[in-house]
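Reviewing the structure listed below.
Each ligand, and each atom within it, is numbered from 1 in the order the structure gives.
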Amino acid sequence: MVIKRFAVIALLTALNGIHAAPTPQLFKREDQLSLSVDSSTVKFDVAQGVKSSSRLNPQLISLSIELGNTIDFFGDVGKPNEFSRQLLQNIVDRSGTSPVLRLGGNTQDKTEFCENCPDTLHSIIKVDPSNPLSTEAVNVTINGAFFQVMEENVPPTTQYIFGLNFGNNTYETAQTEIDGALKYLDQSRVLAYELGNEANLYGSYTNKRPKNWTVVDYGKQMLEWIPQLSARTAGSPPNFQLGSFVGPPTYFGDFSLLQLTKMGVPQNIEGVKYIASYGYPGNVCTNASAAQVQLPDYVNHLKTVEFVTQYQGEIVAAKSAGTVFHIGETNSAGCHGMDGVSNTMGALLWEIDYALLGATLGVDRLFFHNGKGGFYYSMWEPLPLDASTPAHINPTYYSMLFIADLVSGMTVPTISRIVELDTYDLAHYAVYDGHGLRKLVLLNTHYHNGTTETRPSHTLDVSSVLGRNIKFRRLAAANTVAKSGITWAGQYVDSSGHITGDSAVEHASDGLIRLLASEAVIVETD
Ligand SMILES: *[C@@H]1O[C@H](CO)[C@@H](O)[C@H](O)[C@H]1NC(C)=O
Ligand SMILES: *[C@@H]1O[C@H](CO)[C@@H](O)[C@H](O)[C@H]1NC(C)=O
Ligand SMILES: *[C@@H]1O[C@H](CO)[C@@H](O)[C@H](O)[C@H]1NC(C)=O
Ligand SMILES: *[C@@H]1O[C@H](CO)[C@@H](O)[C@H](O)[C@H]1NC(C)=O
Ligand SMILES: *[C@@H]1O[C@H](CO)[C@@H](O)[C@H](O)[C@H]1NC(C)=O
C-alpha cells in the first residue's frame with residue numbers, strides 16, 4: 001500500500017517568493033454583477049435537522065502552531081507580538097472565547113526543556129532549498145520563560161494543547177518538558193498535553209524507531225509513559241491527547257484510532273480526554289504530489305465531503321472510548337501549503353466548509369496548522385519577511401472571524417448539514433440553539449478565477465425556513481484566487497490586525513439572497 005508522504009524529505013525546490021498584500025483593496029460589488037442567474041429554494045425539515053444536529057464548538061476552528069515558531073508568533077517575555085495578540089483578541093471580542101492553541105508539529109519532536117539555558121527559545125535551522133520542510137528547526141531548546149510567554153502574550157483566556165517530545169524516544173526528555181510546564185505554567189491554561197506528532201510515521205521517516213514500528217508498539221509506550229508523566233504533579237492529573245496519527249485515516253494501515261480503541265489503550269489510561277487524527281487532502285512534499293494540488297478541487301464541496309467522511313470511523317472510535325475527537329493538525333496541503341492555493345479566497349471557503357462539515361460529523365475542533373515564512377497555509381505571517389513584506393494576514397484568517405460571528409449570542413449551538421440541497425458548488429448548514437433554527441450558513445463555492453467574462457451566481461430563497469424578512473452578512477472577495485481584498489460583512493483586517501470599516505449587515509424582505517461565485521453568508525431572521 002502506498003502511504004501518502006506528508007512528512008518526507010522532499011525534492012521540491014522551494015516555492016517562489018511570498019506574495020503578500022497587506023493593503024486590502026475593496027472591490028466594488030457592482031463590477032461583479034453577472035447575468036447568469038440560478039435560483040433554488042432552501043427548504044428542509046427543521047425538526048429533523050435539530051434531531052440529527054451535532055455540537056458546534058465555538059472553538060471549532062482552532063490553531064496549531066509549529067512549536068519552533070512560538071516566539072515568532074507571540075514574541076518574547078515583555079515583548080509580545082502585538083499583531084498576533086490583536087488577531088486573537090478579535091476572536092475573543094466576537095465570540096467570547098479564544099481559539100485553542102496547539103503548540104506542536106515536527107519541531108515538537110525536536111524540542112527539549114533546559115531550565116538554565118539563556119534563551120526563551122533557541123533553535124537550529126538548516127535550510128535546504130530543495131526541501132520545503134527544511135525551514136523547520138532541527139533542534140529546539142526552551143526554558144522557563146517560554147511558558148511565561150504562553151501565559152502572558154496572548155489573551156488571558158487562551159488555552160493550549162502542548163506538544164511533548166515523543167519522537168526522540170527518550171522518556172526523560174518528555175518528563176523534563178512536563179516538569180517545566182508544571183513549574184512555570186498555570187495548569188488551568190492547559191487543555192491537554194500531547195505526546196508526539198505524526199507518531200505513525202516514526203518507523204518510516206525517523207531512525208528513532210524500528211522500521212516495523214506498529215500501533216501495538218505505540219500503544220505500549222503510551223500505557224507506560226502517560227501514567228508516569230501524569231504522576232509528576234501532586235495536583236490533579238493533567239489531560240492528554242492521544243493518537244496524533246497523520247491521515248486521512250485510510251492511509252494509516254494499522255495505525256488507526258479504531259485499532260487503538262480496540263486494544264483498549266485510551267480506555268486504560270487515566271486522563272486521556274482527547275484523541276486526534278491529523279489530515280491534509282494533498283501535499284507539496286514532492287513535485288509529483290504538488291502537481292495534484294489544484295484549487296478547484298478544494299472548492300468542490302462534494303470532494304470536501306468525500307475527504308471529511310473518511311474520518312467517520314475514527315470519530316466513532318474516539319467517541320466509543322469516551323473521548324473528544326479532534327482533527328489535531330490539518331491544512332490544505334502538507335509541507336507548508338502552496339502559493340496560489342493555500343493563501344486564497346478559495347482556501348478560506350474550503351476551510352469553513354471543511355470545518356462545518358467536520359462539526360456535523362462529530363469533530364469537536366480542528367487545528368489549522370501555521371508556521372513562519374513559506375507556510376502558505378498560515379492564517380497569518382507574524383513577522384515581516386523582508387523589507388517589502390510586512391507581517392500580514394492571509395485570507396484563511398477570516399475563517400475564525402466567520403465562526404466567531406456564527407456562534408456569537410448562542411448558548412449551546414448545534415449544527416446539521418442540509419444534505420439533500422448540496423451540490424458540488426453549494427453547501428448549506430443549519431445552526432440551532434436549543435430546539436430553534438437560528439442561522440443558516442450558505443456557501444457558493446463555485447470556482448471563478450476572474451478571467452471569465454461573467455461571474456456566475458446562485459439566488460437562494462430561505463423564506464420557508466427563516467421567513468421573508470432576513471438579514472445576512474457576506475464573506476466576499478473579487479474571485480476564488482484572490483489573495484487579498486477579502487471582506488467579512490463589509491469589514492477587513494488592517495495591517496495592525498484591527499477590524500476596520502463599517503459593519504455591513506444586508507437586509508431583504510423577500511427571503512432572497514444572491515450569492516456570487518466564491519461568496520458565503522450567515523443568514524438569520526430579521
Ligand atoms: C521539481 O520542480 C522544480 C521546479 O519546477 C525543479 O527545479 C526540480 O528539478 C524538480 N525536481 C524533481 C525531482 O523533478
Ligand atoms: C540541541 O542543542 C543542544 C544545545 O543547543 C545540544 O545540547 C543538544 O545535543 C542538541 N540536540 C540534538 C538532538 O541535536
Ligand atoms: C535524543 O536521543 C538520542 C539517542 O537517540 C540521545 O542521545 C539524545 O540525548 C536525545 N536528545 C533529546 C533532546 O532528547
Ligand atoms: C522488528 O524489527 C526488529 C529489528 O529492528 C526485530 O528485532 C523485531 O523482532 C521486529 N519485530 C517484529 C514484530 O517483527
Ligand atoms: C480561468 O478559468 C478559465 C475558465 O475555467 C480558464 O479557461 C482559464 O485558463 C483560467 N485562467 C487561469 C489563470 O487559471
Side-chain angles (χ1 to χ4, degrees), residues 1 3 7-9 65-72 102-127 133-147 149-150 160-185 193-232 238 240-241 244-245 252-256 258-260 262-265 371:
M1 167 194 262
I3 293 183
V8 292
I9 302 303
I65 290 163
E66 199 57 60
L67 195 148
N69 291 134
T70 302
I71 302 305
D72 301 315
R102 175 253 184 175
L103 303 183
N106 289 329
T107 52
Q108 149 184 3
D109 281 331
K110 301 285 164 57
T111 299
E112 61 187 312
F113 176 72
C114 166
E115 183 142 31
N116 300 317
C117 287
D119 295 338
T120 304
L121 181 150
H122 178 79
S123 63
I124 299 171
I125 300 173
K126 294 175 180 160
V127 176
L133 284 182
S134 70
T135 53
E136 295 175 3
V138 294
N139 182 342
V140 179
T141 310
I142 58 173
N143 67 16
F146 183 88
F147 298 106
V149 166
M150 286 171 67
Y160 291 91
I161 291 182
F162 187 69
L164 301 172
N165 187 337
F166 179 56
N168 198 62
N169 207 12
T170 36
Y171 171 75
E172 293 68 29
T173 306
Q175 179 175 297
T176 310
E177 285 181 283
I178 203 167
D179 285 351
L182 290 167
K183 180 170 176 184
Y184 291 103
L185 181 61
Y193 291 95
E194 177 189 54
L195 194 49
N197 174 73
E198 301 182 353
N200 54 329
L201 299 184
Y202 290 167
S204 316
Y205 302 119
T206 77
N207 58 7
K208 302 289 181 177
R209 298 294 194 297
K211 292 282 168 245
N212 57 10
W213 160 251
T214 66
V215 70
V216 176
D217 303 322
Y218 170 83
K220 278 186 190 158
Q221 281 196 299
M222 289 292 134
L223 286 159
E224 285 168 18
W225 287 33
I226 293 180
Q228 286 187 67
L229 293 170
S230 289
R232 301 302 296 173
F240 278 84
Q241 172 162 287
S244 312
F245 303 148
F252 280 10
D254 252 12
F255 271 98
S256 70
L258 198 58
Q259 280 300 328
L260 210 54
K262 272 189 191 161
M263 285 156 45
V265 175

- Within 4.0 Å of atom 14 (O) of ligand 4 (strictly less), any protein heavy atom? yes
- At a non-hydrogen distance cut-off of under 4.0 Å, which region of K208 contacts ligand 3 (side chain, backbone, both, or neither)? side chain
- Is atom 8 (C) of ligand 4 less than 4.0 angstrom from some protein heavy atom? yes
- Message: Between N106 and E198, does the side-chain contact (heavy atoms from CB on, under 4.5 Å) criterion hold? Intermediate values first, please.
- Response: CA-CA 8 Å; N106 289 329; E198 301 182 353; 3.9 Å; yes
- Message: Can you confirm whether the side chains of T176 and D179 place a donor and an acceptor under 3.5 Å from each other?
- Response: no
- Query: Would you say T111 has any N or O atom under 3.5 Å from an N or O of ligand 3, going by distance alone?
  - Reply: no
- Is the shortest N/O to N/O distance between E112 and ligand 3 below 3.5 Å? no
- Message: Out of all atoms in ligand 3, which are within 4.0 Å of some heavy atom of T173? Include the element for each.
- Response: 12 (C), 14 (O)
- Cation-aromatic face contact R232/Y171, 6.0 Å, 45 degrees: no
- Would you kindly say whether Y202 and N169 are connected by a side-chain donor-acceptor distance under 3.5 Å? no
- Find all atoms of ligand 3 within a distance of less than 4.0 Å from any non-hydrogen atom belonging to T170, and give their numbers and elements. 2 (O), 14 (O)
- Message: Please verify the inter-ring angle class for F245 with F255; under 30° counts as parallel, over 60° as perpendicular, anything in between as tilted.
- Response: perpendicular
- Determine if the distance from atom 2 (O) of ligand 4 to the closest protein heavy atom is below 4.0 Å. yes
- Query: Going by the order shown, which atoms of ligand 3 are within less than 4.0 Å of some heavy atom of N168?
  - Reply: 1 (C), 2 (O), 3 (C), 8 (C), 10 (C), 11 (N), 12 (C), 14 (O)
- Output yes when K183 and E115 qualify as a salt bridge under the 4.0 Å nitrogen-oxygen rule, no when they do not. yes
- Student check: side-chain heavy atoms of T120 and N143 closer than 4.5 Å: yes
- Task: Considering only non-hydrogen protein atoms, determine which one is nearest to atom 5 (O) of ligand 4 and report residue, atom name and distance to 0.1 Å.
- Result: P210 CB, 3.9 Å
- Note on the structure: Checking heavy-atom distances from atom 6 (C) of ligand 4 to each of T214, N212, V216, D217, the winner is N212
- Message: Please check this pair: side chain of E177 against backbone of N165, looking for a donor-acceptor N/O pair closer than 3.5 Å.
- Response: yes
- Message: Is it the case that ligand 3 has an N or O less than 3.5 angstrom from some N or O of N165?
- Response: no
